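These notes are about the structure you will find just below.
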Amino acid sequence: MQKMILFVLGILLIGIGPILISVLFQKVTNGFRNGKYNTYIIYYMTLANIFAFFLYDKNTDILFGALLGSCLFQLLVIGGVSQVFSSLRGKTDGRGQYLAFCIILILFLSADYLLTGNTSNNMLNRVDGVLLILFFILYLYFRIRNNITSFMPKGSFFSYFKIYVHREKRGDVRNMFLFGICQEAVILEGAYLIAQSVPKLGEIFGITQYITGFTIVAWCINFSSILFSIMKSQKSNYMEKAVEGTIIATTLFLGIASCILQLYVSSYMVYDLILFGIISVGLCFIQKIDSRLAASSMATAYIAFIVYVYIR
């Protein structure tokens, strides 16, 4: 009972707390202009904090499950819903191909038994982690280069920077700093409560640690994103952001975790990575399908994935 109370408090803190803080800052600052970035900033902060606690506890099963589960939820559920309500089609541009390549790379690095025949060798070590971080840096380089190139026809990079600074309201930097501290304090406490309660709840309900991370923890990570999606009309291509967030999670976050602690990968995790890779390849062609058909297909794929994880 105590663990359940801690779990509920944790969900309230990481799910509803950031939204209340965002609304409060918008009122106090007379329209906090960075609200449009709140959804993904909060998602990254929540994922990073929960990652840190389970990494500290050396619970690699929940860690790996939470990573895959939260990424799939972002891509298939929230991204699928945005297909219906967004005015923009959910194209992924070149990010979709890069995501598919990253998932295949993780599969190759973790499925060592394909080369040695020994499943006990399945792991992501420090060398693998450094390689994943390098691929994040490579992705970041191409993103920065493409953005700078897109601004060049309108003037130099320095002129663009000058215009951007001129448009910002005075005090925005201070507001952003205070906003970040308040959000981090709430999310940190919520992540701590979830990390303390979820593993025990999984044992009580007879769920493995990996499935607990893949479902319960992943849903907790995305709880605030769901509420933000309901509160806000989608005026941007959310699928692009979801793909980019998955790339960052599977390269930077997983790379850092692998550098700190060796992550042992079970055969079930390898199978899930294979399915994840197939899904990521399919998302590259999502813009060629009718939006409602695409949304229903993505939701069905997620439900089928969850059912498969539970019954196998």
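Reckoned from all heavy atoms, side chains included, excluding hydrogens, waters and symmetry mates. Every value quoted in this text rests on a predicted model; they were computed, and no experiment measured them.
The shortest distance between side-chain heavy atoms of Ile42 and Gln183 falls below 4.5 Å. Here the side chains of Leu99 and Leu75 are in contact, with some heavy-atom distance below 4.5 Å. Contact of the Leu134 side chain with the Val130 side chain is registered, since non-hydrogen atoms from C-beta on lie closer than 4.5 Å. A heavy-atom distance below 4.5 Å is found between the side chains of Leu47 and Ser70. Leu201 has its side chain out of reach of Ile216: every pair of non-hydrogen atoms, C-beta onward, lies at least 4.5 Å apart. Contact annotation: the side chain of Phe54 approaches that of Pro199 to within less than 4.5 Å [non-hydrogen atoms, C-beta and beyond]. Side-chain contact between Leu131 and Leu105: present, with at least one pair of heavy atoms (C-beta onward) separated by less than 4.5 Å. Between Phe276 and Leu72 there is a side-chain heavy-atom pair separated by less than 4.5 Å.
For the side chain to side chain contact (heavy atoms under 4.5 Å, CB included) criterion with Phe305, the lone passing option out of Ile279, Leu76, Thr300 is Ile279. The ring pair (Phe, Tyr, Trp, His ring centres under 6.0 Å) with Phe135 is formed by just one residue from the set Phe142, Phe101, Tyr141; it is Phe101.
Residue pairs meeting the salt bridge (charged side-chain N to carboxylate O under 4.0 Å, His left out) criterion with at least one partner in residues 268-281, sequence neighbours excluded, are Asp272-Arg312. Listed by first and then second residue, the salt bridge (charged side-chain N to carboxylate O under 4.0 Å, His left out) pairs that reach into residues 185-197 come to none, sequence neighbours excluded. Screening residues 202-222 for salt bridge (charged side-chain N to carboxylate O under 4.0 Å, His left out) gives Lys200-Glu203 as the qualifying pairs, with residues at least two apart or on separate chains. Within the structure, salt bridge (charged side-chain N to carboxylate O under 4.0 Å, His left out) pairs that include any residue of residues 51-68 do not occur (at least two apart or interchain).
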- prompt: Would Tyr43 and Met45 satisfy side-chain contact (heavy atoms from CB on, under 4.5 Å), going step by step from the backbone distance to the final call?
  reply: CA-CA 5 Å; Tyr43 171 73; Met45 293 173 66; over 6 Å; no
query: Leu67 and Phe51: side-chain contact (heavy atoms from CB on, under 4.5 Å), yes or no, with the steps?
result: CA-CA 8 Å; Leu67 174 73; Phe51 242 56; 3.9 Å; yes
query: Hey, mind stepping through Ile103 and Leu107 against side-chain contact (heavy atoms from CB on, under 4.5 Å) and telling me if it holds?
result: CA-CA 6 Å; Ile103 300 301; Leu107 176 63; 5.6 Å; no
- prompt: Val127 and Leu109: side-chain contact (heavy atoms from CB on, under 4.5 Å), yes or no, with the steps?
  reply: CA-CA 10 Å; Val127 176; Leu109 295 176; over 6 Å; no
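Within the model, atoms CG of Leu132 and CD1 of Ile137 stand 11.5 Å from one another, a figure rounded to the nearest 0.5 Å. Distance check: Leu261 CG to Leu263 CG gives 6.0 Å after rounding to the nearest 0.5 Å. Summarising the geometry, atom CG belonging to Leu6 is positioned 5.5 Å from atom CG belonging to Leu193; distances are rounded to the nearest 0.5 Å. Here the straight-line distance linking atom CG of Leu140 with atom CD of Glu244 works out to 9.0 Å at 0.5 Å rounding. A distance of 12.0 Å separates CG of Leu9 from CE of Met4, quoted to the nearest 0.5 Å. Taking CG of Asn222 as the reference point, atom CD1 of Ile14 lies at 9.5 Å (rounded to 0.5 Å).
Shown here for Ala100 and Val281, the closest heavy-atom pair between the two residues is CB-CG2, 3.9 Å. Cys182 approaches Ile21 most closely through the heavy-atom pair O-CD1, 3.5 Å. Across every non-hydrogen atom of Gly15 and Ser224, the tightest pair is O-CB, 3.6 Å. Heavy atoms only, all atoms of each residue included: Cys259 and Gly129 are closest at SG-C, 3.7 Å. Scanning both residues, Gln74 and Ala242, for their nearest heavy atoms gives O-CB, 3.8 Å. The shortest non-hydrogen separation linking Ser197 to Lys3 is CB-O, 3.2 Å.
Under the rule for a side chain to side chain contact (heavy atoms under 4.5 Å, CB included), the partners of Leu188 that lie at least two apart in sequence or sit in another chain are Asn49, Phe53, Glu184. Listed by chain and residue number, Phe7, Cys220, Phe223 satisfy the side chain to side chain contact (heavy atoms under 4.5 Å, CB included) test with Ile11 (two or more places apart in sequence, or in another chain). Residues passing the ring pair (Phe, Tyr, Trp, His ring centres under 6.0 Å) test with Tyr268, sequence neighbours excluded: none. Partners of Ile256 according to the side chain to side chain contact (heavy atoms under 4.5 Å, CB included) rule, which considers only residues two or more places apart in sequence or in another chain, are Ile133, Leu252, Ile260. Residues satisfying the side chain to side chain contact (heavy atoms under 4.5 Å, CB included) criterion with Ala52, sequence neighbours excluded, are absent altogether. Taking Tyr302 as the reference, Trp219 meet the side-chain hydrogen bond (donor to acceptor under 3.5 Å, both in side chains) condition, with sequence neighbours excluded. In this structure, the side-chain hydrogen bond (donor to acceptor under 3.5 Å, both in side chains) partners of Thr215, at least two apart in sequence or on a different chain, are Tyr310. For Gln209, the side-chain hydrogen bond (donor to acceptor under 3.5 Å, both in side chains) partners two or more places apart in sequence, or in a different chain, are Asn59.
Linking Ile, Leu, Val, Met, Phe, Trp and Tyr whenever their side-chain heavy atoms come within less than 4.5 Å leaves Val217 and Tyr56 in two separate clusters. Ile104 and Leu273 are members of different hydrophobic clusters when ILVMFWY side chains are connected at heavy-atom separations under 4.5 Å.
For the pair Gln262 (side chain) and Asn125 (backbone), a donor-acceptor distance under 3.5 Å is absent.
The aromatic rings of Phe253 and Tyr44 stand perpendicular to each other, their planes meeting at an angle above 60°, with 30° marking the opposite boundary.
Here Phe214 and Phe64 keep their ring centres 6.0 angstrom or further from each other.
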